[in-house]
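Only one structure is covered here, and it is reproduced in the block below.
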Amino acid sequence: VQLQASGGGLVQAGGYRRLSCAASGRTFSRGAMAWFRQTPGEEREFVAAVTWSGGSTTYADSVKGRFTISRDNAQNTAALQMINLKPEDTAVYYCALDRGPDQYMTNYRNPFIYDYWGQGTEVTVSS
């Protein structure tokens with residue numbers, strides 16, 4: 001499976017951005033999809049995750065209420081809608097895919113459970 005993240009760019013604080021992640025290769029995994037982000041010199045930080053069915057989601061406290069994760073298994077895509085962006089949201093955003101099966105939602109905050117990663121798309125929020 002290959003993941004291709006897109007949608008990054010420069011946005012003003014308070015603005016909106018939508019990131020997409022397209023999966024190709026083998027059949028879309030039945031596992032969770034997640035977004036992480038990373039800034040230079042820092043560890044990769046969990047942002048949001050959604051189960052295969054789309055029925056359960058979990059978010060980092062720092063983005064709760066502003067970001068929404070979703071997925072479309074028919075299209076083999078996932079998205080991260082971000083509103084009310086802040087300068088501290090500036091980072092390279094990575095999508096990740098777990099092969100499954102479903103785990104406890106808290107497990108999805110751990111980057112080591114994911115089997116596939118996209119190449120990252122950079123989001124810069126100017127103040």
Task: Glu88, CD: over 12 other non-hydrogen atoms inside 6.0 angstrom - done: yes
Task: Shortest non-hydrogen contact between Ser127 and Ala13, atoms and distance - done: CA-CB, 4.2 Å
- [ ] Say whether Arg109 and Thr58, considering side chains only, have a donor N or O and an acceptor N or O under 3.5 Å apart.
- [x] yes
- [ ] For the pair Arg71 (side chain) and Thr51 (backbone), establish whether a donor and an acceptor sit closer than 3.5 Å, ignoring hydrogens and angles.
- [x] yes
Task: Flag, side chain of Asn73 to backbone of Trp52, donor-acceptor distance under 3.5 Å - done: yes
Task: Derivation and outcome, side chain to side chain contact (heavy atoms under 4.5 Å, CB included), residues Met82 and Val11 - done: CA-CA 11 Å; Met82 307 182 293; Val11 60; over 6 Å; no
- [ ] Salt-bridge test for Asp89 and Arg17: reply yes if a basic N is under 4.0 Å from a carboxylate O, no otherwise.
- [x] no
- [ ] Take Leu10 and Ser126 through the test side chain to side chain contact (heavy atoms under 4.5 Å, CB included) and record every step on the way to the result.
- [x] CA-CA 7 Å; Leu10 177 64; Ser126 63; 4.3 Å; yes
For the [atom1] atom of [X] and the [atom2] atom of [Y], what is their distance to the nearest 0.5 Å?
X: Ser20; Y: Gln75; atom1: OG; atom2: CD; value: 11.5 Å
X: Thr121; Y: Gln4; atom1: OG1; atom2: CD; value: 9.0 Å
X: Asp72; Y: Thr77; atom1: CG; atom2: OG1; value: 4.5 Å
X: Leu85; Y: Tyr16; atom1: CG; atom2: OH; value: 10.0 Å
X: Leu3; Y: Asp115; atom1: CG; atom2: CG; value: 10.5 Å
X: Leu19; Y: Glu122; atom1: CG; atom2: CD; value: 11.5 Å

Open item on the list: Under 4.5 Å side-chain heavy-atom separation, chaining through any Ile, Leu, Val, Met, Phe, Trp or Tyr, what else clusters with Tyr94? Say none if it is isolated.
Closed with: Phe36, Phe46, Val92, Met105, Tyr108, Ile113, Tyr114, Trp117
Task: Arg99 vs Arg30 side-chain heavy atoms within contact, under 4.5 Å - done: no
- [ ] Could you name each residue pair satisfying side chain to side chain donor-acceptor pair (under 3.5 Å) that touches residues 38-48, not counting sequence neighbours?
- [x] Arg37-Glu45, Gln38-Arg44
Task: Verify same cluster id: Val1, Met33 (apolar side-chain graph, 4.5 Å) - done: yes
TODO: Applying side chain to side chain contact (heavy atoms under 4.5 Å, CB included), run through Tyr59 and Asp61 and close with a yes or a no.
DONE: CA-CA 6 Å; Tyr59 296 91; Asp61 289 343; over 6 Å; no
Task: With sequence neighbours excluded, residues passing salt bridge (charged side-chain N to carboxylate O under 4.0 Å, His left out) with Arg18 - done: none
Task: Check against side chain to side chain contact (heavy atoms under 4.5 Å, CB included), Leu80 and Val47 - done: CA-CA 9 Å; Leu80 183 70; Val47 175; 4.1 Å; yes
